J.: 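Below is the structure I would like to discuss, written out as structure tokens.
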Amino acid sequence: MPFFHKHLLGIQDLSKKDILTILETAESMEGISTRDVKKVPVLRGKTIINLFLEPSTRTSSSFELAAKRLSADIINFNRQASSVLKGESLRDTVENLEAMYADAIIIRHTAAGAPHYVSTFCRSHIINAGDGAHEHPTQALLDAYTIKQKKKKFEGLKVVIVGDILHSRVARSNILCLHKLGTHIILSGPPALVPESLEKFKVEVNYDMDRAVEDADVIMMLRIQKERQQKNSYPSIREYRFLYSLTEKKLKKAKKKVIIMHPGPVNKGVELTSDLASSDRSVILKQVENGVSVRMAVLYLLLGGKEREATD
Ligand code: CP
């Protein structure tokens with residue numbers, strides 16, 4: 001399964017075949033995490049920098065575990081404990097880290113386009129772990145992997161994404177990914193957070209969540225991205241919850257075997273009830289588990305595949 005990319009900057013750059021190659025490779029990685037010795041030597045001798053200039057629990061720790069399970073050396077680097085706090089620029093930070101012979105740099109940054117910028121002057125492989133409101137490609141890949149695991153197909157599925165679509169890099173990457181895989185996508189949320197212009201991505205927009213979730217196979221709930229909003233985009237949390245929180249009553253309109261997804265962190269009682277988050281229809285922790293296999297696949301395909309002929 002050849003994979004002709006040097007970097008993973010966004011789903012935008014991947015073909016359907018690339019996405020399926022990553023998902024198939026993740027499947028072959030899955031068994032490693034449940035062994036007694038959770039390690040294979042395929043990336044032995046490689047050095048990876050986990051450069052997180054914005055907070056993370058799931059992405060940062062699963063990239064670290066993924067690298068360690070493939071026997072790579074990984075250094076975790078966050079804003080609070082670095083010279084970025086003393087004013088060092090992104091370019092200087094990356095050039096200094098790369099001078100220590102890094103093979104790959106995983107980067108999360110508040111600015112959209114930061115990983116793309118870094119890829120213009122770095123010789124290492126660059127992996128986007130979330131850039132502003134732009135893309136979060138490994139989240140979309142692990143979401144697609146989870147959907148495939150649960151539904152065995154993409155075409156013909158109805159996936160409803162609810163919440164703050166405008167500021168969500170998870171939504172953007174998922175829309176791009178699921179569209180390439182042939183699913184029918186419906187977006188729902190407050191009009192200020194789900195602009196009609198998104199229909200250019202060939203999705204359906206329905207502001208009435210009760211209607212949007214009718215016959216859904218997958219409901220993906222999103223967190224309100226307060227840190228990226230310039231002003232309030234809905235009258236109150238109470239009203240938001242009334243209209244766009246997933247409840248048992250709304251869920252009844254979806255298909256019986258619907259799955260509930262959320263990239264985390266979940267605001268229980270806002271995006272969905274605590275009961276639904278831990279119900280047997282929720283795959284939220286499965287998404288987290290799958291994140292490790294998918295990130296192992298991404299690291300392996302970018303750094304490890306012997307037959308890989310990387311191109312910029
Ligand atoms: N889903 C996700 O990106 O979570 P973290 O912010 O905890 O990495």
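One-based numbering, in listed order, for ligands and for the atoms of each. Bear in mind the structure is a predicted one, so any value in this text is a computation, not a measurement.
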J.: So for atom NZ, which belongs to Lys39, do other residues, nucleotides or ligands contribute more than 12 heavy atoms lying within a distance under 6.0 Å?
T.: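 Yes, NZ of Lys39 has more than 12 neighbouring heavy atoms, counting only those of other groups under 6.0 Å.
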J.: Angle between ring planes, Phe121 versus Tyr117, binned at 30° and 60°: parallel, tilted or perpendicular?
T.: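 Taking Tyr117 first and then Phe121, their aromatic rings stand perpendicular (interplane angle over 60°).
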J.: As a test of reading the model: which residues have a non-hydrogen atom less than 4.0 Å away from ligand 1?
T.: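 Its neighbours under 4.0 Å (heavy atoms only) are Ser56, Thr57, Arg58, Thr59, Arg108, His136, Gln139, Pro263, Gly264, given by chain and number.
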J.: Please determine if Arg295 forms a cation-pi arrangement with Phe63, meaning its NZ or CZ atom is less than 6.0 Å from the six-membered ring centre and no more than 45° off the ring axis.
T.: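 The answer is yes; both the distance and angle limits are met.
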J.: For Asp13 and His5, which I'm curious about, is there any donor-acceptor pair between the side chains at under 3.5 Å?
T.: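 No pair is found: no donor N or O on one side chain lies under 3.5 Å from an acceptor on the other.
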J.: Do any pairs count as a side chain to side chain donor-acceptor pair (under 3.5 Å) and have a residue in residues 40-49, sequence neighbours left out, and if so which ones?
T.: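 Of all non-adjacent pairs touching residues 40-49, none passes side chain to side chain donor-acceptor pair (under 3.5 Å).
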J.: Compare every heavy atom of Val292 with every heavy atom of Ala66, then report the nearest pair and how far apart it is.
T.: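 Reported closest heavy-atom pair: CB-O, 3.8 Å.
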